[in-house]
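For the single chain, residues carry numbers from 1 onward in sequence order.
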Amino acid sequence: MAAPRDAEIHKDVQNYYGNVLKTSADLQTNACVTPAKGVPEYIRKSLQNVHEEVTSRYYGCGLVVPEHLENCRILDLGSGSGRDCYVLSQLVGQKGHITGIDMTKVQVEVAKAYLEYHTEKFGFQTPNVTFLHGQIEMLAEAGIQKESYDIVISNCVINLVPDKQKVLREVYQVLKYGGELYFSDVYASLEVSEDIKSHKVLWGECLGGALYWKDLAVIAKKIGFCPPRLVTANIITVGNKELERVLGDCRFVSATFRLFKLPKTEPAGRCQVVYNGGIMGHEKELIFDANFTFKEGEAVEVDEETAAILRNSRFAHDFLFTPVEASLLAPQTKVIIRDPFKLAEESDKMKPRCAPEGTGGCCGKRKSC
């Protein structure tokens, strides 16, 4: 049974996303704005096939489309109007399957209303998408089976749930071994104050429930996930004086992380890996995270953690592995970037002074010249 405060938060969030917000134009911060530019061509084409009403009722803070999706079973937490589900539906193909779950009934109804439309649009014989009304911290109650999904995605939704650890524990249960949680969310630079937590608009705008970024690694380790792998990060701007006053010194960032559930086996040693190429949309280069980019045919030395992830996940057949004899080489410790604020600041410095809006990735800092 959820605590009274948690139940009140659930009610407020349902009202905000079901009644207050009518389109993405009603949002008061850029925490939940997805830019249209800078998107890979194959995903852009998939987005163009999604019905305009589904897209207009979409409030995610990033584009959560991982790589190597053919025939995968994917669960979308907080699927909303179904935009990401319908994009992924095309990428997994007829033999794959997408399940979307959302606690806002109005949003689920919008998603379901266009199921037949998209099945016909994609040229499928039968739908490969299912939408469920339920809470993401209660996946078992919604009828979702243990170890039944290859990938779980979430787009700016986990921050809307008071008990993040419960959500991640549920995700761990439904993932197959070798599976991953690939998710975009909002993180705080410090523990958020009670004033921020109790502010209904800030909670609805994904800031009030933001997790202190260092706590993600602590929770992940406690549950059994590998350490979080940081993919992208962008500073969130508010532009509302009243909200800025409540936020004070607390800063926020939108970040995408990968969390892998690996078998309980002996850790892999350091390896040289060679990317075979060929993953759709990433044929020549696979940007795995902020720390590792793999180019087709190029040998890259990786640490034990990265080697274990590649060997035991759906990427295993996309790489050639050559063990590295530790005694033959001097230790080469690669500094792994895990701080999303550090990555966001570095990324911001590298942008052109007057970069077109949207080229910085999800929730990019807006600039004017």
Side-chain angles (χ1 to χ4, degrees), residues 13-27 32-37 39-66 69-136 139 142-144 148-157 160 182-184 204 206 280-281 362:
V13 171
Q14 288 176 0
N15 180 63
Y16 198 74
Y17 284 84
N19 300 314
V20 176
L21 297 181
K22 299 302 181 184
T23 72
S24 57
D26 297 325
L27 292 162
C32 295
V33 177
T34 303
K37 299 177 183 178
V39 178
E41 178 66 21
Y42 77 104
I43 297 178
R44 190 156 59 244
K45 288 181 178 178
S46 297
L47 282 166
Q48 290 170 353
N49 290 330
V50 179
H51 194 281
E52 60 182 9
E53 183 175 355
V54 170
T55 300
S56 71
R57 293 298 299 265
Y58 168 82
Y59 314 117
C61 75
L63 188 64
V64 285
V65 181
L69 302 182
E70 294 89 342
N71 304 327
C72 283
R73 288 180 55 83
I74 303 177
L75 173 64
D76 182 4
L77 305 180
S79 51
S81 63
R83 191 203 75 164
D84 287 356
C85 288
Y86 286 125
V87 169
L88 294 167
S89 168
Q90 301 167 73
L91 302 180
V92 301
Q94 182 72 81
K95 293 181 180 179
H97 192 273
I98 311 297
T99 302
I101 181 170
D102 199 279
M103 71 173 180
T104 306
K105 194 172 184 180
V106 173
Q107 288 284 71
V108 175
E109 288 173 351
V110 171
K112 285 183 175 180
Y114 293 95
L115 191 58
E116 185 176 338
Y117 168 88
H118 289 102
T119 301
E120 183 177 339
K121 180 79 171 179
F122 304 157
F124 294 159
Q125 295 299 312
T126 56
N128 68 344
V129 182
T130 302
F131 292 105
L132 302 174
H133 179 227
Q135 296 182 6
I136 65 173
L139 299 180
I144 296 174
S148 57
Y149 288 92
D150 303 293
I151 306 167
V152 176
I153 68 165
S154 175
N155 199 337
C156 203
V157 169
L160 297 173
Y182 186 94
F183 66 117
S184 179
C206 306
M280 184 175 67
C362 74

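The main-chain N or O of Asn49 is never found under 3.5 Å from a side-chain atom of Tyr86 such that the two would form a donor-acceptor pair. For the pair Asn128 (side chain) and Ser89 (backbone), a donor-acceptor distance under 3.5 Å is present. Gln94 contributes a side-chain N or O that, together with a main-chain N or O of Thr126, makes up a donor-acceptor pair within less than 3.5 Å.
Counting only heavy atoms from C-beta outward, the side chains of Leu88 and Ile151 never approach each other to under 4.5 Å. Tyr58 places a side-chain heavy atom less than 4.5 Å from the side chain of Asn155. Using a 4.5 Å cut-off on side-chain heavy atoms (C-beta onward), Leu47 and Arg83 make contact. Leu132 places none of its side-chain heavy atoms less than 4.5 Å from the side chain of Val108. You'll find the side chain of Ile136 stays beyond 4.5 Å of the side chain of Met103, heavy atoms only.
Environment of CD in Glu41: crowded, with over 12 heavy atoms of neighbouring residues, nucleotides or ligands closer than 6.0 Å.
The two atoms that bring Phe131 and Gly82 nearest to each other are CE2-CA, 3.8 Å, heavy atoms only. Listed here is the closest heavy atom pair of Lys95 and Asn71: CB-OD1, 3.4 Å. The minimum heavy-atom distance between Thr119 and Leu115, with the atom names listed, is OG1-O, 2.9 Å. Heavy atoms only, all atoms of each residue included: Ala111 and Gly80 are closest at CB-O, 3.9 Å. In terms of heavy atoms, Leu160 sits closest to Gly204 at CD2-O, 4.2 Å. Between Leu91 and Met280 the shortest heavy-atom distance is CD2-CE, 3.7 Å.
Applying the ring pair (Phe, Tyr, Trp, His ring centres under 6.0 Å) definition to pairs two or more places apart or across chains, those involving residues 94-114 are His51-Tyr114.
How far CD1 of Ile43 is from CD of Gln48: 12.5 Å, rounded to the nearest 0.5 Å. In this structure, the separation between NZ on Lys121 and CD on Gln90 is 9.0 Å, given to the nearest 0.5 Å.
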May I have the list of side-chain donor-acceptor pairs in residues 72-79 shorter than 3.5 Å, sequence neighbours left out?
| residue | atom | partner | partner atom | Å |
| --- | --- | --- | --- | --- |
| Arg73 | NE | Ser148 | O | 2.8 |
| Ser79 | OG | Ile101 | N | 3.1 |

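Taking the side chain to side chain donor-acceptor pair (under 3.5 Å) definition, one finds that Ser154 meets it with nothing, sequence neighbours left out.
A salt bridge does not link Lys112 to Glu109: none of the charged side-chain nitrogens sits closer than 4.0 Å to a carboxylate oxygen.
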